[in-house]
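Taking it in order: structure first as structure tokens, then the write-up.
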Amino acid sequence: TPKGSCLESVKIAIDTGYRHIDGAFVYYNEHEVGQAIREKIAEGRIKREDIFYCGKLWNTCHPPELVRPTLEKTLKILQLDYVDLYIIELPMAFKPGDAIYPKDENGKFIYHETDLCATWEAMEACKDAGLAKSIGVSNFNRRQLEMILNKPGLKYKPVSNQVECHPYFTQPKLLEFCRQHDIVIVGYSPLGTSRDETWVNVSSPPLLKDPVLNAIGKKYNKTAAQVALRFSIQRGVVVIPKSFNPQRIRENFQIFDFSLTEKEMKEIEALNKNVRYVELLM
Ligand code: A2P
């Protein structure tokens with residue numbers, strides 16, 4: 001991201017009405033997000049408690065003793081006292097150290113054996129210390145969630161699981177499991193990603209070109225993007241669309257003045273291809 005564009009985008013988003021901001025240390029723009037929030041608070045447009053900031057614990061920081069210092073580093077970068085939600089970004093660990101993607105001389109990732117339940121206990125301690133209001137996970141499958149939910153002495157269960165979710169990857173089974181356990185699904189790539197070949201499986205067709213989404217959009221005078229977002233929120237999935245374009249930031253917020261019929265919801269559900277854009281091959 002070009003320097004400053006995140007700062008500007010977050011300020012436009014807050015002015016537009018967005019309150020949930022999905023961030024991470026590994027996005028390398030938390031300083032800009034924090035600055036945008038603090039500027040909007042200083043302007044009197046929002047109060048800190050209006051904002052819902054989600055931060056993430058990266059793979060190299062899973063050992064329990066690293067969890068709190070890692071969150072404290074994020075808070076220092078943000079210049080905030082707490083995050084609203086802190087989540088384990090991925091259910092597997094890399095070797096701790098300065099390299100975000102540690103690799104050996106053959107270019108293979110260097111993994112690290114840690115106990116997810118012990119990492120979770122360190123997350124619980126961050127909540128107890130008031131550094132995170134809530135704690136959750138990301139990219140966890142059912143087995144990994146069950147491991148936490150069934151942990152002896154569990155103090156707090158994950159409030160949310162952030163996973164890829166959109167009309168081409170609807171996650172029906174995981175959604176049902178999470179519903180049963182009161183875990184909110186936060187859907188990333190709700191618009192089908194930026195189709196950046198370095199991390200996206202582009203063999204799956206572009207979501208926003210989908211004829212069904214476009215035809216339904218036409219009926220409501222909405223774009224395919226707005227229909228895709230509306231579809232997700234209408235089935236109880238939180239959406240975190242990414243845009244650094246002011247017009248599209250505003251467009252993606254105009255989804256509360258129409259609703260899809262049951263038939264349209266079914267039609268969109270039927271688009272599920274069970275193919276991920278974000279394969280996370282590591
Ligand atoms: P841009 O930042 O230029 O707006 P996802 O949220 O699924 O990861 O998708 C993000 C991608 O979708 C980005 O490339 C973003 O580009 C683009 N995008 C965001 N909003 C819209 C929209 N309303 N219509 C079309 N493309 C969009």
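In listed order, ligands and their atoms are each counted from 1. Here the structure is a predicted model, which is why all the values come from computation and not from measurement.
Identified under the ring pair (Phe, Tyr, Trp, His ring centres under 6.0 Å) test for residues 204-243, with sequence neighbours left out: Y220-F258.
Aromatic pair W58/Y101: ring centres closer than 6.0 Å.
Remark: side-chain polar atoms of R19 are not paired, donor with acceptor, to backbone N or O of I46 under 3.5 angstrom.
Protein residues with any heavy atom under 4.0 Å from ligand 1: S189, P190, L191, G192, T193, S194, L208, A225, P241, K242, S243, F244, N245, R248, E251, N252.
Residues satisfying the ring pair (Phe, Tyr, Trp, His ring centres under 6.0 Å) test with H31, not counting sequence neighbours, are none. The ring pair (Phe, Tyr, Trp, His ring centres under 6.0 Å) check on F177 picks up H181, with sequence neighbours excluded.
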Exercise for the section: Check the pair L229 / L191 against side chain to side chain contact (heavy atoms under 4.5 Å, CB included), numbers first and verdict last. Expected result: CA-CA 7 Å; L229 296 175; L191 301 173; 3.8 Å; yes

